[in-house]
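Before any comments, here is the structure.
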Amino acid sequence: MDEDVVADITGRFILSNGGENAGKPLEGRIIMTEKRVVLATGQTKETVPLSQVIDVNVGTVPQHVKRFFGDTATIGYRTADGTQSAVIESSDEKVEKFVAILFRCLLNGRKVAVKHPARVGGRIKDSSVVVGKLRVKNRQVEVKTKSSGFTIDVATVMNIDRTNRIGDSDDRVTLVVKHTDQESGLTQTTQIAPAKSQYVNLLARYFRLEYDEVREEVADIELTNPEKRVLVGVHATGGDIDFTNMLDGDPAYVTNVLNSVRNKQLVVENGEGLSLTPQGRIVVSQRIEDVNA
């Protein structure tokens, strides 16, 4: 293999390619370059060109392999014989790292047309449709254009939809991402249209997989009632609040509570006080009824 290897793990995999080993768990190496994934044993080898990958799923074990595998990553790809899949199992840490590299190889550098922002709150904006290049990293989606760029933090995403048009006249499959702008706190809608429709699906999958991971991490955070009250108070007031009165406590006690939510990366200092981090916003949206009860 002439290309540089970007990932190389050992594990088990099941192929659906119709060969003599199709549907059987095989042990071997899963090797990835920037152009292909190779699944190899001592006797067989299946090569998956990244240009033919149409879907990546993590953690959901396909029905036909549940009796063999636990946690997995599934790659769907096109071949001359139709759509095939490769189900990969390894340790959680290896699969997580492999998938992160896979998405970078699939999406980074792809040309996209973007309209940002297409909406701010409920107002339609007259932003022009411009061409840029896509980059995903550290739970963020970044688009750089000739004149500027923007970044969407996955944890700020509120909704993902699709449309068949970007702007007023360009007919192409487009991802519509509703998210919170971290600087202004306002809701924005951004339209992103990769040059090929398969990358719309892959980008949507990246958003959803990363967001699900953030939600799982947030769900594991334990909060006291005072901490919950602080988070809701920051959410409701933008951080402009007297926490001593809110918590009915002395300054030392209030400081301990505030330091606790800071250490859990749920609030951050800004120029005017405290604001919620993306993780903090998720906590408030998921638990606000519990706090108000």
Side-chain angles (χ1 to χ4, degrees), residues 32 34-37 48-60 62 73-79 82-86 98-120 124-125 127-146 148-181 187-215 278:
M32 179 168 38
E34 291 185 350
K35 294 183 178 180
R36 68 197 81 234
V37 173
V48 180
L50 295 190
S51 61
Q52 300 304 309
V53 173
I54 58 174
D55 196 14
V56 179
N57 198 0
V58 180
T60 302
T74 302
I75 302 174
Y77 57 100
R78 290 190 294 253
T79 70
T83 301
Q84 306 292 344
S85 66
F98 178 84
V99 170
I101 296 172
L102 177 58
F103 272 113
R104 290 202 294 269
C105 290
L106 289 167
L107 295 173
N108 284 0
R110 298 294 172 189
K111 286 186 177 180
V112 292
V114 296
K115 184 177 173 68
H116 173 81
R119 285 178 176 267
V120 174
I124 298 175
K125 305 295 286 186
S127 307
S128 300
V129 176
V130 296
V131 175
K133 285 191 175 181
L134 188 66
R135 182 176 178 81
V136 299
K137 62 176 182 178
N138 302 327
R139 291 178 174 167
Q140 293 181 328
V141 172
E142 179 184 272
V143 176
K144 286 189 175 180
T145 66
K146 286 185 178 180
S148 61
F150 61 89
T151 299
I152 299 175
D153 191 310
V154 169
T156 68
V157 173
M158 303 165 66
N159 187 55
I160 298 174
D161 206 346
R162 299 188 192 204
T163 183
N164 292 322
R165 174 173 295 184
I166 183 169
D168 295 328
S169 58
D170 194 347
D171 295 335
R172 57 197 296 184
V173 182
T174 300
L175 202 63
V176 181
V177 184
K178 186 178 180 181
H179 58 100
T180 304
D181 178 66
T187 300
Q188 293 185 345
T189 300
T190 298
Q191 295 181 342
I192 308 175
K196 293 184 178 180
S197 60
Q198 80 185 85
Y199 297 113
V200 176
N201 183 59
L202 290 168
L203 181 57
R205 181 68 79 179
Y206 175 80
F207 270 119
R208 291 186 175 108
L209 289 174
E210 292 295 324
Y211 185 78
D212 284 346
E213 284 193 12
V214 174
R215 289 187 62 179

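- Atom CD of residue Gln198 and atom CZ of residue Arg110 lie 7.5 Å apart, to the nearest 0.5 angstrom.
- The two residues Leu202 and Phe103 have their closest heavy-atom pair at O-CE2, 3.5 Å.
- The aromatic rings of His116 and His179 lie parallel to each other, their planes meeting at an angle below 30°, with 60° marking the opposite boundary.
- Residues meeting the side-chain hydrogen bond (donor to acceptor under 3.5 Å, both in side chains) test with Tyr211, sequence neighbours left out: none.
- Of all heavy-atom pairs spanning Val143 and Gly132, the tightest one is CG1-CA, 4.2 Å.
- At most 12 non-hydrogen atoms from other residues, nucleotides or ligands lie less than 6.0 angstrom from CD of Glu34.
- For the atom pair OG1 (Thr174) and CG (Asp161), the distance works out to 11.0 Å, reported to the nearest 0.5 Å.
- A donor-acceptor contact shorter than 3.5 Å links the side chain of Asn108 to the backbone of Val136.
- Here the straight-line distance linking atom CD of Gln191 with atom CG of Leu175 works out to 10.0 Å at 0.5 Å rounding.
- For Arg162, the side-chain hydrogen bond (donor to acceptor under 3.5 Å, both in side chains) partners at least two apart in sequence or on another chain are Asn201.
- Remark: of the listed residues Leu102, Asp55, Val99, Leu102 is the sole one forming a side chain to side chain contact (heavy atoms under 4.5 Å, CB included) with Ile75.
- Listed by chain and number, the residues in a side-chain hydrogen bond (donor to acceptor under 3.5 Å, both in side chains) with Asp181 are Ser184 (sequence neighbours excluded).
- The minimum heavy-atom distance between Lys115 and Lys125, with the atom names listed, is NZ-O, 3.5 Å.
- Of all heavy-atom pairs spanning Ala113 and Arg172, the tightest one is CB-NH1, 3.5 Å.
- Interatomic distance, SG of Cys105 versus NZ of Lys35, reported as 12.0 Å (0.5 Å rounding).
- Looking at Arg205, its side chain does come within 3.5 Å of a backbone N or O of Val56 through a donor-acceptor pair.
- A donor-acceptor pair under 3.5 Å is absent between the side-chain atoms of Thr156 and the main chain of Pro278, judged by distance alone.
- Looking at Arg139, its side chain never comes within 3.5 Å of a backbone N or O of Asp153 through a donor-acceptor pair.
- Between the Glu210 side chain and the Gln140 main chain, no donor and acceptor come within less than 3.5 Å of each other.
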I would like to know whether Ile152 and Phe207 meet side-chain contact (heavy atoms from CB on, under 4.5 Å); could you show each step before the answer? CA-CA 10 Å; Ile152 299 175; Phe207 270 119; 4.1 Å; yes

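- Of the candidates Val130, Leu134, Thr145, Val112 forms a side chain to side chain contact (heavy atoms under 4.5 Å, CB included) with just one, namely Leu134.
- To the nearest 0.5 Å, atom CG of residue Leu203 and atom CD1 of residue Ile192 are 5.5 Å apart.
- Put simply, OH on Tyr199 and CG on Leu106 are 7.0 Å apart, with the number rounded to the nearest 0.5 Å.
- Nearest approach of Val214 to Ala155, heavy atoms of both residues: CG1-CB, 4.1 Å.
- At a threshold of 4.5 Å between non-hydrogen side-chain atoms, the residues Val58 and Phe98 do not count as touching.
- Partner Lys178 forms a side chain to side chain contact (heavy atoms under 4.5 Å, CB included) with one of Thr187, Ile160, Thr190 and no other, that one being Thr187.
- Between Ser85 and Thr74, the closest heavy-atom pair is CB-CG2, 4.2 Å.
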